[in-house]
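Proteins come first, then strands; the chains are lettered A, B, ... in the order of their sequence lines, and each starts at number 1. All heavy atoms count here, side chains included; hydrogens, waters and symmetry mates do not.
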Amino acid sequence: MKKFSVLFTASAVVIGSYLFLKYFFSFYLQLPIPASLMKTYMFLIVAGTLLALTADDDSARKLTAPFHSLLFDPSLRRSRNAVFFVLPFLGAFITYQSRPKTEAPVEFRTVHPAPPSSMTAFGKTYNLITLRNPYRELEINDPDNFRKAVEEGKAVYYRNCLFCHGDKLRGKGIFFDAFHNPHPANFQAVGTIAQFQESYLFWRISTGGPGLPKEAAPWLSPMPVWKNHLSEDKIWKVILFLYDYTGHRPREVGGNE
Amino acid sequence: MKPTIAFIIFLLALPYSSGAEPSSTQQPQKGKPIYEKLCSGCHGVTGRGDGPAADRLRPRPRNFARGQYKFTYTKFGKLPQDKTLFRWISEGLPGSSMPPWKDVLTEEERWDLVAYIKTFSRKFARAKKKGRVPKPIVIGTAPPSSAEDIREGKELFLQNCAKCHGKEGRGAGPSAPTLKDSQGDRIWPRNLTKGWLYRGGGSPEDIYRTVATGITGTPMPEFMDSLSPEKIWRIVAYVESIRQKKRPPINDVLVSKHMQGDLPSNPCDPAWQSVPSSYIPLAAQVIEGERWFKTTIESVEVRSVYNGAEVAIHVEWADKTQSPLTAPPDKFPQNGLDALAVQLPVKMPLDAEKPYFLGGSSAKPVILWKWTNGGRPEVFLGKGILKMEPLDREHQTLRVAAVYKAGLWKTVFIRSLERPAKNDITIEAGKYLPIAFSAWDGNNGEKDAQRAVSIWYSLLLKPPVKADIYLWPLFVGLLIAVGEMALAIKVKKEKEK
């Protein structure tokens, strides 16, 4: 046992980390780590473990000692033969397992692409950098009318957005299964509306899936072009509702206010 | 260290805490703001089931002012127990628009909501005044069921349930197209084969409850007075035997198997049974044209095979009516045509770019193979969902066969792999071909843009297995063996030194 201790520790660290990352995240937190990210993590963990254990010659020797003795120690002849016998089969098996599978071709897609600097809708051209939600100032100046605007936005949401983005604004509406790729945005998550200015939302809502730039795969998104269905006014109000319901604040830009 | 352990214990305990008994401190006034934030969008501020979303949802959200609840543990038409309302708020009603709220609201908040919801109908206060307490029925636990019980259950099902739910339980009985609920809305009998969509829950006890107490406000009657508990349990056993418990997994790739000889062109050919199927959920097309949110076709199941010359795509879906009906009910006169379309790009895409999933665009059109009940198959060039141009006859090497039986449409589309005309697609094996589906339920008034749609999937005509699948592992194995030999020789030499 003592002879294998360094190698044993190293293996325990690597296997333990793997099990933790895999099972704790996917089964307990229900947030599985994507396979590609998992590979990166495991690479870092293996590399880190090797670095730590080979920091000086002595420990490096200890780490490789079991391999050395497996090759040279006459008393380990049987184990050596067994390992030599099994390895080619193991290699062949892994190769067979990694044969091409019928998985969906990977489609790289920018989820939140950079907005254009301007857009046209409702017969007007908007500068998206300076564009502000006209109702936002009511929040301080006229709270009663602000609440009214939020309520109107709520009605717009429930009549139009609910089906995909859901009752909890988590992107799990009744169309979630059908529109799973790409799935509807989760407004409660920190990575969506909390990151954007209101003008970004105005752009995304008004121009929908087809308004996305090419890197965001506009042909896949079932997001409607809402300027065909909703007035400018209603779009601004539904944006108020999204922030009000989730408690996120829109990102403010520019220091000259 | 200690706080960490406490935190972990807290985390572990989270999913297990659930109280089924009302807390003594239920406060309707505390439920009000929660209701107004979370529930009023569908159920309305006044609780009348008339929130802004209401007319776009099927079934319509509950009107609390009527004091009528569908799934209760009390007799048909009677008021529910508090804990029943608590359960539906906590767990939601599968297959409807009502989601579970237990991940958002604490138990106390949910009990407060129950108290507030009850204030919308005077029935609860009146019952309380008179000292009436809801009396739940006795359910017990499901007895073990034998093959004999299931057979008897089937007999009972045919006698009592098949008129609406159909002989095969797909909700396609002769009365199905005529039904409406107490508010005059059209209502459909449940397709009992899709077990994950049972509104009132899917345990044997839940099914027993629904059969025993009926569904208040709907044509589903209570059977507890006419059938003994033993008989109801047998019906439950039969229903359990025909239902698929879980929604099938969704795969983004539909694999087409290679086969020798003629492709099975009959949708009921037993050869199709051995081909694995892919479940494709559909959603209402609410983007283009006159917006229609209440489609009835929930999904299609797709299978495919091909040979050297042709590809066959078998599409199967549940539809409670074969439309057009020969005699549509007076109440619901809409009598359109059932139809299904397979959508493909015009060209095999060279990069990731595909046509717009919804009928293509003028820059990137799609090909649509459309089958309509009673008509001949048509091929369209789609430049948008409302811009479908029929292509001439030379494109129509497409053959379609369709059979409707017991609430299920089965269709087979067969076309040559080679393109029939210049502006059509040649289908190549070994490549991912974008494919999407549209389905129309004629009896639901669906036509043109009003339909259920899918997003893009990939159809892969899987090339026959080649020997290299086995050659590579053999090569790798040999390579390792050679390496080992070299190592062994080296070790031997070092030892000799």
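Ranking A:Tyr245, A:Phe179, A:Phe89 against chain B, the residue ahead of the rest is A:Tyr245, based on heavy-atom pairs under 4.5 Å. Interface check for chain A: of the options B:Gly360, B:Ser97, B:Ala488, B:Ser299, the most heavy-atom pairs under 4.5 Å are formed by B:Ser97. When the candidates A:Lys172, A:Arg80, A:Arg170, A:Gln97 are compared by the number of heavy-atom contacts under 4.5 Å with chain B, A:Arg170 comes out ahead. Among the candidates B:Asp103, B:Leu57, B:Leu479, B:Val482, the residue making the largest number of heavy-atom pairs closer than 4.5 Å to chain A is B:Asp103.
If you measure heavy-atom distances from B:Ala284 to chain A, the contacts under 4.5 Å come from both the backbone and the side chain. There is no contact between B:Lys364 and chain A, counting heavy-atom distances below 4.5 Å. For chain A, the nearby part of B:Asp55 is the side chain; its heavy atoms alone come within less than 4.5 Å. Only the side chain of B:Glu494 has a heavy atom closer than 4.5 Å to any heavy atom of chain A. Both the backbone and the side chain of A:Leu87 come within less than 4.5 Å of a heavy atom in chain B. Heavy-atom distances place the side chain of A:His229, and not its backbone, under 4.5 Å from chain B. When heavy atoms are compared at a cutoff of 4.5 Å, B:Ser361 does not approach chain A at all. For chain B, the nearby part of A:Ser221 is the backbone; its heavy atoms alone come within less than 4.5 Å. Looking at A:Val156, there are no atoms closer than 4.5 Å to chain B (heavy atoms on both sides), in backbone or side chain. Both the backbone and the side chain of A:Leu71 come within contact range of chain B, with heavy atoms under 4.5 Å apart. For B:Leu478, no part lies near chain A; criterion is any non-hydrogen pair under 4.5 Å. With a 4.5 Å cut-off on non-hydrogen atoms, B:Tyr470 touches chain A through its side chain but not through its backbone. No part of A:Tyr157 comes within reach of chain B, as not one of its non-hydrogen atoms sits under 4.5 angstrom from that chain. Using a 4.5 Å cut-off between heavy atoms, A:Lys214 touches chain B through its side chain atoms alone. Of the two parts of A:Arg109, neither the backbone nor the side chain holds a non-hydrogen atom closer than 4.5 Å to a non-hydrogen atom of chain B. Residue B:Trp472 touches chain A through both its backbone and its side chain, counting heavy-atom pairs closer than 4.5 Å.
Between A:Pro222 and B:Ile287, the shortest heavy-atom distance links the atoms O-CD1, 3.0 Å. Smallest separation of non-hydrogen atoms from B:Leu282 and A:Ala178: C-CB, 3.5 Å. Residues A:Lys168 and B:Trp101 come closest through the heavy atom pair CG-CZ3, 3.6 Å. Here the closest non-hydrogen pair linking B:Cys42 and A:Asp167 is SG-OD2, 4.2 Å. Across every non-hydrogen atom of B:Ser40 and A:Lys154, the tightest pair is OG-NZ, 2.7 Å. Here the closest non-hydrogen pair linking A:Trp219 and B:Pro355 is CB-O, 3.3 Å.
Within 6.0 Å of the NZ atom in B:Lys495, the count of heavy atoms belonging to other residues, nucleotides or ligands exceeds 12. Other residues, nucleotides and ligands contribute over 12 non-hydrogen atoms within 6.0 Å of the CZ atom of A:Phe122. Atom CZ of A:Phe176 sits in a crowded spot, with more than 12 heavy atoms from other residues, nucleotides or ligands closer than 6.0 Å. Heavy-atom neighbours of B:Lys294 NZ from other residues, nucleotides or ligands within 6.0 Å: above the threshold of 12. Annotation for B:Glu428: atom CD counts as buried by contact number, over 12 foreign heavy atoms lying within 6.0 Å. Within a 6.0 Å sphere centred on NZ of B:Lys194, heavy atoms belonging to other residues, nucleotides or ligands number more than 12. Taking a 6.0 Å sphere around NZ of A:Lys22, one finds it holds 12 or fewer heavy atoms contributed by other residues, nucleotides or ligands.
Residues A:Leu162 and B:Arg56 have side chains not in contact (no heavy-atom distance under 4.5 Å, counting atoms from C-beta outward). Counting heavy atoms from C-beta on, the side chains of A:Asn181 and B:Ile250 never come closer than 4.5 Å.
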Take A:Ile174 and B:Arg58 through the test side chain to side chain contact (heavy atoms under 4.5 Å, CB included) and record every step on the way to the result.
CA-CA 11 Å; A:Ile174 50 175; B:Arg58 172 146 63 201; over 6 Å; no

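Between B:Tyr457 and A:His180, the ring-plane angle classifies as tilted under the 30° and 60° cut-offs.
Note that CZ of A:Phe175 and CD1 of B:Ile455 are 13.0 Å apart. Values are rounded to the nearest 0.5 Å. Distance check, rounded to the nearest 0.5 Å: CD of B:Glu288 to CG of A:Asn228 gives 7.0 Å. Taking CD1 of B:Ile480 as the start and OG1 of A:Thr95 as the end, the distance is 6.5 Å to the nearest 0.5 Å.
Checking side-chain atoms of B:Lys354 against main-chain N and O of A:Ala217 turns up no donor-acceptor pair under 3.5 Å.
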